[in-house]
Asks: 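The structure's right below; bear with me while I get my questions together.
The basis for the numbers below is simple: all heavy atoms, side chains too, and nothing from hydrogens, waters or symmetry mates.
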Amino acid sequence: MFGRRKTEDATVPAEPVVEETPRAGKGRPTPKRRDAEAARRRPLVTGDKKSDRARARAEAAKQRQLMDQAMQTGDERYLPVQHKGPARRFARDYLDARWTLGEFFLPIALLVVVVMFFGSLIQLPPQVVVYAILGLYVIVLVAVVEAVIYAGIVRRRALAKFGSGAVRGLRLYTAMRSMQMRRMRLPKPQVKRGDTVS
């Protein structure tokens, strides 16, 4: 049938065999999972509880002091989150440089309450009380309309100046500030009335 071909064995020089030294492992057994987790666990409160509480109180008091100071000076670093950002500062400065009817709402409302309660004592005609109440309603209506207009103006200008990411919630922020008395506004006004804010 088929014969086998005999091949001559070629003598190939054998390469020297290099014995690999066994690699050293980590040198320690793998720890169990619970042991590894226990080693990573740190107590939330370290040391003496009383001293930790005192330290936390001191840190909180320091942060409050910095925040109170920032509300007076307008320092952006320590202002509360709702007042931070260039758009919020622009809204504050824009309103604080102008007169708004809303800032007079509270004094006028107190005057109307005085007229209502003491009108009978000083024998004012009933029509005066009615007119005072109607006048208060008119002032409220005008102040709300004015707040909405200012909110729209501030948002439009801030949108053009700072982009859409900075104007979120700015309308309500502006409207609420326009209804506050100037000396009661926080953060405190940093511009004078009549200053140009652009």
Side-chain angles (χ1 to χ4, degrees), residues 42-117 135-198:
R42 293 187 188 95
L44 294 175
V45 180
T46 57
D48 185 22
K49 289 183 180 179
K50 191 176 282 187
S51 65
D52 285 337
R53 277 199 300 268
R55 194 178 306 114
R57 277 197 301 271
E59 184 63 28
K62 183 181 176 185
Q63 289 299 323
R64 276 196 306 273
Q65 184 181 3
L66 288 171
M67 192 180 296
D68 291 343
Q69 190 176 355
M71 294 294 265
Q72 302 297 321
T73 62
D75 187 355
E76 285 281 330
R77 293 172 299 169
Y78 303 111
L79 282 176
V81 178
Q82 68 266 27
H83 297 296
K84 277 188 178 178
R88 301 287 169 115
R89 176 176 280 281
F90 171 74
R92 291 194 300 270
D93 291 347
Y94 186 86
L95 279 175
D96 295 338
R98 288 160 175 74
W99 293 92
T100 62
L101 184 62
E103 64 186 288
F104 298 107
F105 167 72
L106 190 58
I108 293 170
L110 288 174
L111 183 63
V112 169
V113 168
V114 167
V115 168
M116 285 173 58
F117 282 107
L136 183 62
Y137 282 131
V138 169
I139 289 170
V140 169
L141 182 62
V142 174
V144 168
V145 170
E146 181 188 55
V148 170
I149 291 170
Y150 273 135
I153 292 170
V154 167
R155 187 182 186 281
R156 199 164 49 247
R157 292 192 180 183
L159 189 61
K161 193 171 183 179
F162 305 110
S164 59
V167 297
R168 186 176 178 187
L170 194 63
R171 275 187 230 173
L172 182 61
Y173 184 80
T174 306
M176 294 301 291
R177 191 169 179 91
S178 74
M179 300 291 286
Q180 295 171 345
M181 292 175 65
R182 183 182 167 88
R183 66 176 55 193
M184 294 176 67
R185 291 174 182 172
L186 288 174
K188 290 285 186 188
Q190 302 300 310
V191 296
K192 295 178 181 177
R193 290 194 198 269
D195 284 356
T196 303
V197 177
S198 57

Asks: Can you tell me how far apart CD (Gln72) and CD (Gln190) are? Round to the nearest 0.5 Å.
Replies: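 Gln72 CD to Gln190 CD: 9.0 Å, rounded to 0.5 Å.
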Asks: Would a 4.5 Å heavy-atom cut-off, applied to side chains only, mark Glu146 and Ser178 as touching?
Replies: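 SC-SC contact between Glu146 and Ser178 ruled out.
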Asks: Find the distance between CG (Leu141) and CG (Leu101) and round it off to the nearest 0.5 Å.
Replies: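 Leu141 atom CG to Leu101 atom CG measures 10.5 Å (nearest 0.5 Å).
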Asks: Is any NZ, NE, NH1 or NH2 atom of the basic residue among Lys49 and Asp52 found under 4.0 Å from an Asp or Glu carboxylate oxygen of the other?
Replies: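 Salt bridge: no.
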Asks: What distance do Asp75 atom CG and Gln69 atom CD have between them, rounded to the nearest 0.5 Å?
Replies: 7.5 Å
Asks: Does a side-chain heavy-atom distance below 4.5 Å link Phe162 with Val167?
Replies: no
Asks: So which atom in Ala158 and which in Ala87 form the shortest heavy-atom distance, rounded to 0.1 Å?
Replies: CB-CB, 4.4 Å
Asks: Below 4.5 Å, heavy atoms only, C-beta onward: do Arg88 and Pro187 meet side chain to side chain?
Replies: no
Asks: So does Gln65 have more than 12 non-hydrogen atoms from other groups sitting under 6.0 Å from CD?
Replies: no
Asks: Compare all side-chain heavy atoms of Asp68 with those of Tyr78 and state whether any distance is below 4.5 angstrom.
Replies: no
Asks: Could you give the distance from CG (Leu95) to CZ (Arg182), rounded to the nearest 0.5 Å?
Replies: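 Between Leu95 CG and Arg182 CZ, I get 10.5 Å after rounding to 0.5 Å.
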Asks: Counting heavy atoms not belonging to Arg98, are there more than 12 under 6.0 Å from its CZ?
Replies: yes
Asks: With Arg157 as the cation and Tyr94 as the aromatic partner, state whether NZ or CZ is under 6.0 Å from the six-membered ring centre and within 45° of the axis.
Replies: no
Asks: Rounded to the nearest 0.5 Å, how far does CE of Met71 lie from CG of Leu66?
Replies: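 Rounded to the nearest 0.5 Å, the CG-CE separation comes out at 13.5 Å.
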Asks: Which heavy atom in Ser164 sits nearest to a heavy atom in Leu159, and how many Å separate them?
Replies: CA-CD1, 3.4 Å
Asks: Would you say that Pro86 contacts Glu76 through its side chain, given a criterion of any heavy-atom pair below 4.5 Å between the two side chains?
Replies: no
Asks: Donor-acceptor pair, Arg185 side chain versus Gln180 backbone, under 3.5 Å?
Replies: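 Such a contact is found between Arg185 side chain and Gln180 backbone.
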Asks: With a sphere of 6.0 Å drawn around CZ of Arg183, does it hold more than 12 non-hydrogen atoms of other residues, nucleotides or ligands?
Replies: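 Counting other residues, nucleotides and ligands, CZ of Arg183 stays at 12 neighbours or fewer.
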Asks: Looking only at non-hydrogen atoms, find the nearest pair between Val154 and Phe90 and report the distance.
Replies: O-CE2, 3.9 Å
Asks: Could you tell me the separation between the CG atom of Leu186 and the CZ atom of Arg92, rounded to the nearest 0.5 Å?
Replies: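 Here the rounded value is 10.5 Å.
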Asks: Any non-hydrogen side-chain atom of Leu79 less than 4.5 Å from a side-chain atom of Met67?
Replies: no
Asks: Do the charged groups of Asp96 and Lys188 touch, with an N to O distance under 4.0 Å?
Replies: no
Asks: Indicate the ring-plane relationship of Phe104 and Trp99, choosing parallel, tilted or perpendicular according to the 30° and 60° boundaries.
Replies: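 Parallel, since the angle between the ring planes stays under 30°.
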